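So the structure is just underneath, and the comments pick up after that.
What you see is a predicted model; the values in this text were computed from it and never measured.
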Number of protein chains: 2
Amino acid sequence: MSQQRAQSSGVASGGGPGFPDLPEATVARLPEYLRALHNLADAGHDTVSSEGLATAAGVNSAKLRKDLSHLGSYGTRGVGYDVTLLIEQIEQVLGLHETRAVALVGIGNLGHALARYAGFASRGFHIAALFDADRDRVGELVNGMAVRHMSDIAAVVADEGISIGVIATPADAAQVVADDLVAAGVTSILNFAPCVLAVPDGVDVRKVDLAIELQILSFHEHRKSTLTALPAKVVGQ
Amino acid sequence: MSQQRAQSSGVASGGGPGFPDLPEATVARLPEYLRALHNLADAGHDTVSSEGLATAAGVNSAKLRKDLSHLGSYGTRGVGYDVTLLIEQIEQVLGLHETRAVALVGIGNLGHALARYAGFASRGFHIAALFDADRDRVGELVNGMAVRHMSDIAAVVADEGISIGVIATPADAAQVVADDLVAAGVTSILNFAPCVLAVPDGVDVRKVDLAIELQILSFHEHRKSTLTALPAKVVGQ
DNA sequence: AGGCATTTGTGAAGACTTGCACAAATCGCG
DNA sequence: CGCGATTTGTGCAAGTCTTCACAAATGCCT
């Protein structure tokens, strides 16, 4: 069980049959483009220019064009991009055509909120099971779904075809949960616990740490207050 | 009110008196180092090597040393870093000595969870006020604090010295809320709504989009399932 | 006091990412 | 049919970030 490595850019396709060799930075922006495109489609737009889509997604238009060019040529010069076609292509690349089953582990404050969050379902993810290690919480209904005990995880993951696990436990439980998820066959983990997870090669981990986001903002606040000369750069988003 | 620009690296200090010129990538990692250092301190370690701290923080040791070297020389060759001293230095740089007051807007599912999340308080942030636009929710007690109406925001932000706003509203309300926060004097925003915010220069925005994280994982799942040859790279964290 | 093992701090190379600027392609219109 | 306006796709250069590799510094042990 190796310590996970830092993000390594460039998703090689090994010259295989179907798939593009997307830079990791591009992959991270595609979902944002997709969201903007859905908004445009809802607003009745059939086509959109790189400039228009870039603005809607909060990026530079040259960057947007380069990102999309990695998927192939789906724009028309002098016109722009076909909104429906581009949605189709990005969903294809992101693998969003098959609805993915997700297991959510840790039904505390955050877990409750995630279980009820409509944004997952509306964007192609199905929360297929809820788990907690606390037997007092097992059986509780959250958003119409019963909480199950961690000991069921292997069976449920197999039965439901779950490939993604979301960890919303305290930090001290997260590694054990990750090990259980991996043992059950999960190959992608979204970790909300404030700790680093060790996972085997072949398992992807993304981490979201709410306090870290605030601390980064704190740095910029601090800088602004001690140094009033320069305008702030907008960070991330 | 300009469209915000993409992350621009390098936080210039303008040659001013006090402050280091930290690369943005370094700033984003400092909170992770800080968390790891607190763990080490709790475990009774007085010093730690770059290798040890790097492992605990999930990064390469050379990267860690370069990051820390930007803060100055606080290590001892042949020995390592003094844990307490380094904690002190990083907290200084991140501006965590003064507790920062945070306003949380949007007390729905996610807002409730954030209001109750202990990780904020334990890492130096004080949730000073809760707001919602729904008058039916105003007055409700969440974690011992009453929800107030958005119309109070200007007065409360001034009274409580709030500098950071957290937006946990639906996407269609987020821009209005951001405008209100900025008008009230907030200069940093953490946005959980799935949309791009336009803010004036001088205001920092960071975005956390839970569905986007899953979609990025989905891409890697998709890639793994269509291409079984290569081992996956671990993404982000 | 001297030598050895350890570990930091950093120069340099390489990889990745961004953004400009423009040729090539397309459409609409006279 | 041809021309001008528009917009994509991309070569290239600049900037940023990561990683290696090693000299310099430190402490321990004899």
Side-chain angles (χ1 to χ4, degrees), chain A residues 3-12 20-30 32-33 45-83 85-86 89 233-237, chain B residues 3-12 20-30 32-33 45-83 85-86 89 233-237:
Chain A
Q3 179 66 29
Q4 62 214 349
R5 285 155 298 177
Q7 169 178 344
S8 158
S9 241
V11 179
D21 197 348
L22 290 178
E24 189 60 36
T26 296
V27 173
R29 282 186 294 264
L30 288 180
E32 191 70 49
Y33 302 157
H45 291 76
D46 291 329
T47 64
V48 64
S49 68
S50 64
E51 190 63 40
L53 182 53
T55 301
V59 302
N60 174 298
S61 68
K63 181 152 60 179
L64 175 99
R65 287 198 298 279
K66 190 152 289 186
D67 283 342
L68 295 185
S69 76
H70 287 123
L71 312 186
S73 266
Y74 296 111
T76 308
R77 297 177 189 218
V79 179
Y81 297 91
D82 182 291
V83 172
L85 176 62
L86 197 48
Q89 284 304 321
K233 301 297 201 316
V234 169
V235 189
Q237 176 150 169
Chain B
Q3 178 65 31
Q4 61 215 348
R5 285 155 299 176
Q7 172 179 343
S8 157
S9 240
V11 178
D21 198 349
L22 291 177
E24 189 60 35
T26 296
V27 173
R29 284 187 293 264
L30 288 180
E32 192 68 49
Y33 301 158
H45 291 76
D46 292 328
T47 65
V48 63
S49 68
S50 64
E51 190 63 40
L53 182 54
T55 301
V59 302
N60 174 299
S61 69
K63 181 152 61 179
L64 175 99
R65 287 198 299 276
K66 187 148 288 187
D67 283 341
L68 295 185
S69 76
H70 288 123
L71 311 186
S73 266
Y74 297 110
T76 306
R77 296 177 190 219
V79 178
Y81 298 90
D82 181 290
V83 172
L85 176 62
L86 197 49
Q89 285 302 322
K233 299 298 200 309
V234 169
V235 189
Q237 178 153 165

Given atom [atom1] of [X] and atom [atom2] of [N], what is their separation to the nearest angstrom?
{"X": "His70(A)", "N": "dT8(D)", "atom1": "NE2", "atom2": "P", "answer": "17 Å"}
{"X": "Leu64(B)", "N": "dT18(D)", "atom1": "CG", "atom2": "P", "answer": "12 Å"}
{"X": "Leu53(A)", "N": "dT8(D)", "atom1": "CG", "atom2": "C1'", "answer": "13 Å"}
{"X": "Glu51(B)", "N": "dC20(D)", "atom1": "CD", "atom2": "C1'", "answer": "13 Å"}
{"X": "Asn60(A)", "N": "dA21(C)", "atom1": "CG", "atom2": "P", "answer": "12 Å"}
{"X": "Glu24(A)", "N": "dA15(C)", "atom1": "CD", "atom2": "C1'", "answer": "15 Å"}
{"X": "Lys63(B)", "N": "dG9(C)", "atom1": "NZ", "atom2": "P", "answer": "18 Å"}
{"X": "Asp21(A)", "N": "dA15(C)", "atom1": "CG", "atom2": "C1'", "answer": "14 Å"}

Exercise for the section: Kindly indicate whether the side chain of Arg77(B) and the base of dT8(C) share any N or O donor-acceptor pair separated by less than 3.5 Å? Expected result: yes
Practice task
Side-chain contact test, heavy atoms from C-beta onward, threshold under 4.5 Å: evaluate it for Ser61(B) versus Arg65(B) and give yes or no.
Solution key: yes
Practice task
Report the residue (Val79(A) or Gly80(B)) whose heavy-atom-nearest nucleotide on DNA chain C is the more 5′ of the two.
Solution key: Gly80(B)
Completion exercise
Comparing nearest nucleotides in DNA chain C, the 5'-proximal residue of the pair Ala62(B), Ala62(A) is Ala62(B)
Give the nucleotide from the list [options] with an atom nearest to the side chain of [X].
{"X": "Tyr81(B)", "options": "dG9(C), dG19(C), dT18(D)", "value": "dG9(C)"}
{"X": "Ser69(B)", "options": "dT17(C), dT8(D), dT10(C)", "value": "dT10(C)"}
{"X": "Lys66(A)", "options": "dG11(D), dA12(C), dT8(C)", "value": "dG11(D)"}
{"X": "Arg65(A)", "options": "dG9(C), dA21(C), dT17(C)", "value": "dA21(C)"}

[atom1] of [X] to [atom2] of [Y]: how many Å apart, nearest 0.5 Å?
{"X": "Tyr81(A)", "Y": "Leu53(A)", "atom1": "OH", "atom2": "CG", "result": "8.5 Å"}
{"X": "Ser50(B)", "Y": "Asp67(B)", "atom1": "OG", "atom2": "CG", "result": "11.5 Å"}
{"X": "Leu85(A)", "Y": "Tyr74(A)", "atom1": "CG", "atom2": "OH", "result": "7.0 Å"}
{"X": "Leu68(A)", "Y": "Leu30(A)", "atom1": "CG", "atom2": "CG", "result": "7.5 Å"}

Exercise for the section: Look at Ser50(A) and dT7(D) and indicate whether a side-chain polar atom (N or O) is within less than 4.0 Å of OP1 or OP2. Expected result: no
Practice task
Report yes if at least one side-chain N or O of Thr76(B) is closer than 4.0 Å to OP1 or OP2 of dT8(C); otherwise report no.
Solution key: no
Practice task
Using a heavy-atom cut-off of under 4.0 Å over every strand shown, decide if Ser73(A) touches base, sugar-phosphate, or nothing.
Solution key: sugar-phosphate
